[in-house]
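Working notes, structure below.
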Amino acid sequence: MVLDSDIATAVAHLRAGALVAMPTETVYGLAGDAMNPLAIRQIYATKGRPAGHPVIVHLGSDADPNEWGEMNPLAQTLTEHFWPGPLTLIVKRRPHVPDEVTGGLDTVGLRVPSHPVAQALLGAFGGGLAAPSANRFGRISPTRADHVQADLGPGIMVLDGGPSAVGIESTIIDVSKHKPCLLRPGAIDRASIESCVGPLGTSNTPAPGTLKSHYAPMTSLLLSHSPEADRRRLEAEGRTVAVLAATKLDDHARNLYGELRRLDALGVDILIAEMATNVGIGLAINDRLSRAATKLSIDE
Ligand code: TXA
Ligand code: MG
């Protein structure tokens, strides 16, 4: 549980340029003052993330996103439908937004999270919080406070807001160009966005979250449409195996990263993850699973 006094302590840390891990409805974020370049550098250092990757600016429901970026009519329409919630919009930046936040791009990613603890923190802080997922670079995103502690150690204050309700990172739409583009699938699916703003394009702008290898466990990961058959085949070859079975889509997304972490710690030879049905959030689940599997096929 998070107390008012925890929020006050967290705000004091943030104002002093330190970092705080905050719960959001998607995954936990490693937050720092978005107007403080030193805090942003600290985020990169703590995550072990290469510099030059842009980070998302999180805003409270009462904040004015126009102070951070150009909220054109497309952006306005999407915010009316989906904020607060698991949607990040890429818009043209305002000049005062630090290069450390934008990765030197002329755009900035903005999101108003719906998690009540994130909202309480943002409301009390009063400014924008830059926050990538609170994991070491390239590892599985955290969906619980203890995941953050396991990854980043005891030096970071973690606000424990319970398990993340969505479980995978926000949908990212670039609305800074003539035609809106889907950069990362998430819980708010393409059809829901398209019903608001018409057909989405596919961007060829490379973004770090779209690296082929990302979100990866240590154990080799096999994606499968028939996990039990694959289990029998691999066990017959003498390999030890753990299976992450598909469930109802929302539950599958919510449990995905926690289950990957748990199964990764078992020390088996191979993890088998059952692919989700390719609809709605299932597309986002399969996107994350294929990134998690790619690293291993490169390494092997
Ligand atoms: O759900 C989420 O979005 C979580 C929570 C904490 O809010 N955050 C998150 O942050 O996933 P991160 O840094 O792990 O992923 C942010 C993604 C990256 O792929 C980054 O390239 C992209 O957002 N991004 C941020 N600003 C961008 C920009 N100006 N242009 C293009 N992509 C951008
Ligand atoms: Mg991340």
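Numbering of ligands and ligand atoms starts at 1, following listing order. Remember, it's a predicted structure, so these values are computed and weren't measured experimentally.
Residue contacts with ligand 1 include His58, since one or more of its heavy atoms lies under 4.0 Å from the ligand. Using a non-hydrogen distance threshold of 4.0 Å, Glu25 does not register as a contact of ligand 1.
With Tyr28 contributing its side chain and Gly161 its backbone, the two residues share a donor-acceptor pair below 3.5 Å. A side-chain donor-acceptor contact under 3.5 Å links Arg254 to the backbone of Ala165. Listed for the His147 side chain is no donor-acceptor partner under 3.5 Å among the backbone atoms of Ala134. A donor-acceptor pair is defined here as one N or O able to donate and one able to accept, closer than 3.5 Å; no such pair exists between the side chain of Gln42 and the backbone of Ala18.
Which parts of ligand 1 touch Val108 is read off a 4.0 Å heavy-atom cut-off, strictly below it: atoms 29 (N). For ligand 1, the atoms sitting less than 4.0 Å from at least one non-hydrogen atom of Arg49 are 12 (P), 13 (O), numbered in the order shown with element in parentheses. In the vicinity of Leu105, heavy-atom distances shorter than 4.0 Å reach the ligand 1 atoms 28 (C), 29 (N), 30 (N). Close approach of ligand 1 to Ile172 (heavy-atom distance below 4.0 Å) involves ligand atoms 17 (C), 22 (C), 23 (O). Close contacts between ligand 1 and Ile90 involve ligand atoms 26 (N), 27 (C), 28 (C), 29 (N), 30 (N), 31 (C), 32 (N), 33 (C) [criterion: under 4.0 Å to a heavy atom].
Residue-to-ligand polar distances place Ser170 within reach of ligand 1: an N/O pair is separated by less than 3.5 Å. Remark: ligand 1 and Arg111 share an N or O pair separated by less than 3.5 Å (distance only, no angle test). Looking at ligand 1, you won't find any N or O of Thr102 less than 3.5 Å from one of its N or O atoms.
With Arg184, Lys47, His53 as candidates, the residue nearest to atom 15 (O) of ligand 1 on a non-hydrogen basis is Arg184.
Backbone or side-chain N, O or S atoms of Ser133 reach the Mg ion (ligand 2) at under 2.8 Å.
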Return a table of donor-acceptor pairs under 3.5 angstrom between the side chains of residues 260-271 and protein atoms on other chains or two or more places apart.
unit_1 : atom_1 : unit_2 : atom_2 : d
Arg261 : NH1    : Asp151 : OD1    : 3.4
Arg261 : NH2    : Ile140 : O      : 2.7
Arg262 : NE     : Glu259 : OE2    : 3.0
Arg262 : NH2    : Glu259 : OE1    : 2.9
Asp264 : OD1    : Met218 : N      : 3.2
Asp264 : OD1    : Thr219 : N      : 2.9
Asp264 : OD1    : Thr219 : OG1    : 2.5
Asp264 : OD2    : Met218 : N      : 2.8
Asp269 : OD2    : Thr240 : N      : 2.9
Asp269 : OD2    : Thr240 : OG1    : 3.3

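Counting heavy atoms closer than 4.0 Å to ligand 1, residue Lys92 contributes nothing at all. The backbone and the side chain of Thr107 each have at least one atom closer than 4.0 Å to an atom of ligand 1 (non-hydrogen atoms only). Contacts between Asp174 and ligand 1, counted as non-hydrogen atom pairs separated by less than 4.0 Å, are absent for every part of the residue.
Inspection of the Glu169 and Ser133 side chains reveals no N or O donor paired with an N or O acceptor under 3.5 Å.
When hydrophobic residues (I, L, V, M, F, W, Y) are linked wherever their side-chain heavy atoms come within less than 4.5 Å, the members clustered with Leu3 are Met1.
Taking a cutoff of 4.0 Å between a charged side-chain nitrogen and a carboxylate oxygen, Glu25 and Arg111 qualify as a salt bridge. Salt-bridge annotation for Asp106 and Lys92: present, with a side-chain N of the basic residue lying under 4.0 Å from a carboxylate O of the acidic one. A salt bridge links Asp99 with Arg93; the closest basic N to acidic carboxylate O contact falls under 4.0 Å.
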